[in-house]
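Accompanying notes for the structure given below.
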Amino acid sequence: MQPIFLSKRSDPVMLSTIITSTPIYVCSILSILLALSLSIKWDRARFRLLMFMITATMFYIGHFAFYNRTISVVPITDTLYCFSYPAIFPLILIYIEALVLKDPDYKRGLLYLLPSFICGISAALIYATISNEEFSEFIGYHYYFQNYNNLAGPAWWLVIIHRAFRIIIAVEIPLVLYFGWKYINDYNRMVENYYSNTEDKVVTFIKPLMIAFVATLTASFISNFLNRNYFAESIWLLAIPALLFSSMILLFGFVGLTQNIYTRKIVEESAKMDAEEPEQAVIPLTPEKEHIMAAEIRKLMDEKRLFLQPNLKINDLAHMLNTNRNYIYNAINRGIGLSFAEYVNKKRIEYAVRLIDKDREILLTDVAIKSGFASTSAFYRNFKLYMDCTPSEYQKRGASITASRPSQ
């Protein structure tokens, strides 16, 4: 049986080139921007995002060669593809670890990428030794048509590599989602337990972007697993995932360029807070002692109106009460049932409500500042959370009630 010959596509060559090269340009431009920012100031999370973008560029170069049927460069592009495809998902997790963990395990990161290196190196060695006839058989039988029944020798081993990294990716996807979600949640919880003002500190956009991006890549993985050549038959079908991937990567890169700086600052500041803690054995408080400490926190907060300080930290309470920070947030978490940020912001909203009740004509921006909020957006968000209405709705509601009262 002879290898199947490829049919020529009727799609315009220029259009095919533009669509399939768009993700390459997006990844390349973002890689340049990240490299320039790193030349100005080093940041470990941004460096790992750069590694992701470079790897994604390799991945889309492999796609470009496949969909434009540039057979002559397949040994290079398919080697890049065999390495980069199973590396993309671990690199997302490696980036998140560097973004939100105080001490990410670099050796563990290399372990994540070990299957990718094995696939890439194996493909490179096979392509270096494969004969022209065996290469033609691989292209004619499997590369576009996923038929491997008539293959043997190096061509058969290339099929095994392609199947192996698909299995690897199937294992990686749920692990990346689980641990990425966990790391981001743990970081946000740490922020809420250390700071009263969480504005521009919590990781907000990375989580939905991670989910959307992984979901997009998963859809791509499923389509590739079933039959990648299905998209190769029509450039219009290919345009949908190509533009979708480009948009997701663009958003991912933009958020990475803007968010890395302050998350790193927060991680370093929290580490400094840990270092400032007194070196003493932290014995867990009994429920009774947690209740007593929670009462002391309430008293101190009300008497000194500490919640009006925009930059109030849990360490400030620990110093005032001459105790350990762990005791403070455990007392708040378990004794009051809220995180430190939730407790302080709830107190701020209670104070804001009193200000509005006292003066129905007061400017809400003044209320936000006087209540201890660092921004009006944080004020509006927390007011809606605790009062189930916006500040303006509450203000208008109170004004209408006052106007409807009969004169004495």
Side-chain angles (χ1 to χ4, degrees), residues 3-28 53-89 116 119-120 122-124 126-128 130 132 134-148 151 154-170 216-246 248-249:
I4 303 171
F5 290 101
L6 299 178
S7 60
K8 291 185 178 180
R9 278 211 320 240
S10 59
D11 302 313
V13 175
M14 181 63 72
L15 181 61
S16 172
T17 303
I18 291 173
I19 290 176
T20 54
S21 62
T22 298
I24 300 175
Y25 288 125
V26 171
C27 293
S28 299
M53 289 299 171
I54 293 173
T55 304
T57 305
M58 297 179 188
F59 171 71
Y60 288 116
I61 288 173
H63 263 287
F64 180 88
F66 177 87
Y67 289 114
N68 290 285
R69 295 176 177 175
T70 52
I71 307 302
S72 59
V73 297
V74 164
I76 297 174
T77 57
D78 193 46
T79 298
L80 294 177
Y81 185 78
C82 289
F83 163 75
S84 59
Y85 202 176
I88 284 179
F89 292 98
S116 304
C119 290
S122 300
I126 293 174
Y127 277 118
I130 196 170
N132 291 334
E134 289 168 330
F135 176 73
S136 298
E137 289 178 349
F138 171 71
I139 296 296
Y141 286 127
H142 177 76
Y143 193 61
Y144 282 96
F145 303 101
Q146 297 194 10
N147 181 355
Y148 61 93
L151 297 178
W156 183 82
W157 280 108
L158 282 175
V159 174
I160 294 300
I161 293 172
H162 277 244
R163 287 181 169 269
F165 75 63
R166 286 183 172 90
I167 295 172
I168 292 168
I169 292 169
T216 305
L217 284 172
T218 302
S220 169
F221 165 72
I222 294 172
S223 63
N224 286 344
F225 188 83
L226 296 175
N227 189 358
R228 187 164 57 145
N229 193 47
Y230 180 75
F231 289 90
E233 293 301 319
S234 172
I235 194 63
W236 302 110
L237 283 175
L238 183 60
I240 298 173
L243 295 176
L244 183 60
F245 293 158
S246 299
M248 293 303 305
I249 290 175

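If you take CG on Leu158 and CG on Asp78, they are separated by 7.0 Å, rounding to the nearest 0.5 Å. Separation of atoms CD1 (Ile88) and CE (Met53) is listed at 10.5 Å; rounding is to 0.5 Å. In this structure, CD in Glu137 is found 8.5 Å from CD1 in Ile130, a value given to the nearest 0.5 Å. If you take CZ on Phe64 and OG1 on Thr77, they are separated by 10.5 Å, rounding to the nearest 0.5 Å. Remark: Cys119 SG to His162 NE2 distance equals 9.5 Å, nearest 0.5 Å. The OG1 atom of Thr17 lies 5.0 Å from the CG atom of Asn68; values are rounded to the nearest 0.5 Å.
Leu80 is not listed as a side-chain neighbour of Phe59, based on a closest heavy-atom distance of 4.5 Å or more. The shortest distance between side-chain heavy atoms of Phe135 and Val74 falls below 4.5 Å. Between Ile249 and Tyr60 the shortest side-chain heavy-atom distance falls below 4.5 Å. Residues Val73 and Ile61 form no side-chain contact, since every pair of their non-hydrogen atoms from C-beta on lies 4.5 Å or further apart.
With sequence neighbours excluded, the residues forming a ring-ring contact (aromatic ring centres under 6.0 Å, His included) with Phe83 are Phe117, listed by chain and number. Applying the side-chain contact (heavy atoms from CB on, under 4.5 Å) criterion to Ser122, with sequence neighbours excluded, gives Ile118, Ile161.
For the pair Thr55 and Ala87, the tightest heavy-atom approach, listed with the atom from each and the gap, is CG2-CB, 3.9 Å. Residues Pro154 and Glu134 come closest through the heavy atom pair CD-OE2, 3.2 Å. For Ser246 against Val26, the heavy-atom pair with the smallest separation is O-CG1, 3.8 Å. Between Ser72 and Pro75, the closest heavy-atom pair is O-CD, 3.8 Å.
Relative orientation of the Phe165 and Tyr81 rings is perpendicular, given thresholds of 30° and 60° on the angle between their planes. Using a 30° and 60° split on the angle between ring planes, Phe138 and Tyr127 fall in the perpendicular class, above 60°.
Side chain of Thr70 to backbone of Ala65: a donor-acceptor contact under 3.5 angstrom is found.
The environment of CD1 in Ile76 is sparse: at most 12 heavy-atom neighbours from other residues, nucleotides or ligands sit within 6.0 Å.
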